[in-house]
Amino acid sequence: MCPDDHKPTARVRIVAQNPGESEVLGRRFVRWYKGTEGSGEIWEEDVPRPLIGKSGYELDHKFLPLAGLTRDDVECCNVVRCRLENSNDLPPLTTTMARNMVQHCQRAYWREPNESQTMVALGAYALWALTGEYEGDDDDADAADDDLRASKSIDGWRGWLLPYAPTHALDSSDHGRAVGRVFATYHPAFAWRAHWLRPVMRMDWMRLGRLLRGTWPEPFPTMSQNNPSPLPASIAFDTEYNPWTRELHRYSIGYRHHDDARVFVIEAGDMIVSPRPMPTNIIMQNAEADWPYLTSVFGHIPETWDDTMFAHSVLHGTLRHSLDFMGSLYARHNRWKHLQQSDPLTYSGMDALATYDIWTQLERELQRDKSSELLYREELKPLLPHVMARPSIRLDALHIAQAASELKREQDEVALRAQAAAGWPINVSSADQLSRWLRLKVTPQ
């Protein structure tokens, strides 16, 4: 049993998954050390409480400071407060057993938050316990593109703010009395398995700091349905259309004037194409989709254009490049992609405004990374006309089969060479195993 670390005056409640062995035993991880006689770990005796192991060390030293917090400012708890069969592992959240465990433990030990307290859900189990949101992992084979479907998983909600709607409430009337807000991010331990997401987690905690200071999120702006004229030199443009017939449903324009958001959402039936100054630069997310409608909306093609998806793929190749994901890092407003059916006006308008705000941040990153900027402007952007043309390509099936067989042979050889070099059956496709082996190679013995 690992009891909650209760602090009545805490502004923030960190809600994790389940305790590790050190949390139950009351052993706090202090630090790693390395000296002339070797390396190791230093632990200290403590009282049993959440997040005092290595995950807690990561939280205290690498994430809380980014939000302007220390451990004294927060209280911590787990949604499951004991170790099932003396293990760190829980049943999948899709199972009745896992959900019953969470609900039972929450009903027994959970204290309702006060109105001023912000809850931080670390991972999928905490997110489901506090909000009811769960939809499996986004890398499932049957998962759709989250530009078309707003994911309800921790991968979809991390970096965003949700209303508190606890799943342990005994009946639906309890939900009406729930007060509070939940900010979602990954569990600190996840960074050890998905190293490439550590910068994303850092940005989440910096966003939490802005949330606590009241500078994020900005409220959604007014969505004007009047045809916009005149327009500034640079705008963001987005369309909604039938993917099968390509019939345009509506388009949206977003930009900022003296930092004030301006958003226009025009239904296709209300569209007026009249002579007006054309913006010199149009920003799009996935220009391939919006390009066919530029002439019908503006009368001609812009002088210059930019694509947030192209730019982000150059700067951050290992991350997702959907508008929903980039918005979780750069948008000045809270999530809107889940509003496609309930509020299509806001959904469409925010697609444009968020594209504008995302580009503002990406442009600064490109200016600091000249190699990526060169690749974006001279390699990726010139590809668009060829992508739009979609030329037919004849394929030599026999050659493809031979090339695939040769690639498989080379992959098998690389795997064997790696295992011989490592001295154990390393999986070269595992980022975790490769990083562990590389650390052993560069660490002095």
Side-chain angles (χ1 to χ4, degrees), residues 14 16 32 51 54-69 120-124 126-127 137-139 146-147 151 153-161 183-213 215-217 285 307-335 337 354-355 357-373 375-376 380 429-436 438-439 442:
I14 308 293
W32 289 271
L51 294 168
K54 292 179 181 178
S55 292
Y57 180 90
E58 292 274 296
L59 180 70
D60 293 350
H61 293 82
K62 298 183 179 180
F63 295 121
L64 285 179
L66 297 174
L69 298 168
V120 180
L122 302 183
L127 177 67
D137 297 324
D138 280 353
D139 57 2
D146 58 1
D147 252 355
S151 167
S153 71
I154 186 63
D155 291 307
W157 274 115
R158 53 130 298 277
W160 300 110
L161 188 64
F183 183 82
T185 188
Y186 293 125
H187 194 285
F190 189 62
W192 298 329
R193 291 189 289 115
H195 314 279
W196 57 92
L197 289 175
R198 186 175 288 273
V200 172
M201 296 169 66
R202 291 174 57 86
M203 293 181 74
D204 286 351
W205 286 93
M206 287 189 283
R207 174 172 277 191
L208 174 65
R210 294 195 294 273
L211 170 66
L212 297 174
R213 294 190 296 271
T215 60
W216 180 88
Q285 160 71 7
D307 188 320
T308 52
M309 186 178 71
F310 280 8
H312 192 258
S313 66
V314 169
L315 288 162
H316 305 285
T318 59
L319 302 180
R320 299 178 184 182
H321 314 303
S322 69
L323 193 60
D324 194 36
F325 179 81
M326 287 189 286
S328 73
L329 303 176
Y330 303 112
R332 295 166 59 166
H333 305 267
N334 201 16
R335 198 181 194 192
K337 276 294 187 180
T355 298
D357 288 338
I358 290 167
W359 172 250
T360 300
Q361 299 299 320
L362 293 177
E363 188 175 31
R364 293 172 182 167
E365 293 186 21
L366 287 171
Q367 290 170 355
R368 295 193 297 265
D369 185 348
K370 294 302 181 182
S371 297
S372 293
E373 183 178 31
L375 181 60
Y376 166 68
L380 274 191
S429 64
S430 166
D432 184 61
Q433 292 187 27
L434 277 178
S435 64
R436 179 153 34 102
L438 288 171
R439 283 199 301 271
V442 301

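Quick note: residue numbers are just sequence positions, from 1.
The aromatic rings of Trp216 and Trp160 sit tilted relative to each other, their planes meeting at an angle between 30° and 60°.
Looking at heavy atoms from C-beta onward, Arg193 lies out of side-chain contact with Tyr186 at the 4.5 angstrom threshold. Residues Leu197 and Thr318 are not in side-chain contact: their nearest non-hydrogen atoms beyond the backbone lie 4.5 Å or more apart. Looking at heavy atoms from C-beta onward, Leu212 lies in side-chain contact with Leu69 at the 4.5 angstrom threshold.
Residue Pro65 comes nearest to Leu59 through the heavy atom pair CD-O, 4.1 Å, listed as atom of the first residue, atom of the second, then distance. Nearest heavy atom pair, residue Ser151 against residue Arg335, reads O-NH1, 2.9 Å. Summarising the geometry of Arg158 relative to Thr185, their closest heavy-atom pair is CB-CA, 3.8 Å, with the distance given to 0.1 Å. Looking at every heavy atom in both residues, Leu362 comes nearest to His312 through CD2-CD2, 3.9 Å. Between Met201 and Pro188, the shortest heavy-atom distance links the atoms CE-CA, 3.8 Å. Residues His195 and Trp192 share a closest heavy-atom pair of CE1-O, 2.8 Å.
Looking at Ser55, its side chain never comes within 3.5 Å of a backbone N or O of Leu51 through a donor-acceptor pair. Although no hydrogens or angles enter the test, the distance criterion places no donor-acceptor pair under 3.5 Å between the side chain of Tyr330 and the main chain of Trp359. For Asn334 (side chain) and Leu161 (main-chain N/O), a donor-acceptor pair under 3.5 Å exists by modelled atom type.
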Please report the C-alpha distance between Val200 and His316 in whole Å, then the side-chain angles of each, then the deciding distance to 0.1 Å, and finally whether the side-chain contact (heavy atoms from CB on, under 4.5 Å) criterion is met.
-> CA-CA 11 Å; Val200 172; His316 305 285; over 6 Å; no
Kindly indicate, with the supporting measurements, whether the criterion side-chain contact (heavy atoms from CB on, under 4.5 Å) is fulfilled by Phe63 and Arg198.
-> CA-CA 10 Å; Phe63 295 121; Arg198 186 175 288 273; 4.1 Å; yes
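Between atom CD of residue Gln285 and atom CG of residue Leu323 there is a gap of 5.0 Å, rounded to the nearest 0.5 Å. Once rounded to the nearest 0.5 Å, the distance linking CD of Glu373 with CG of Leu315 reads 9.5 Å. If you take CH2 on Trp205 and CG on Leu211, they are separated by 11.5 Å, rounding to the nearest 0.5 Å. Here CD of Glu365 is found 11.5 Å from OG1 of Thr360. Values are rounded to the nearest 0.5 Å. Remark: Asp204 CG to Ser328 OG distance equals 6.5 Å, nearest 0.5 Å. With rounding to the nearest 0.5 angstrom, the CE atom of Met203 is 11.0 Å from the CG atom of Leu66.
In this structure, Arg202 places its CZ atom where only 12 or fewer heavy-atom neighbours from other residues, nucleotides or ligands lie under 6.0 Å away.
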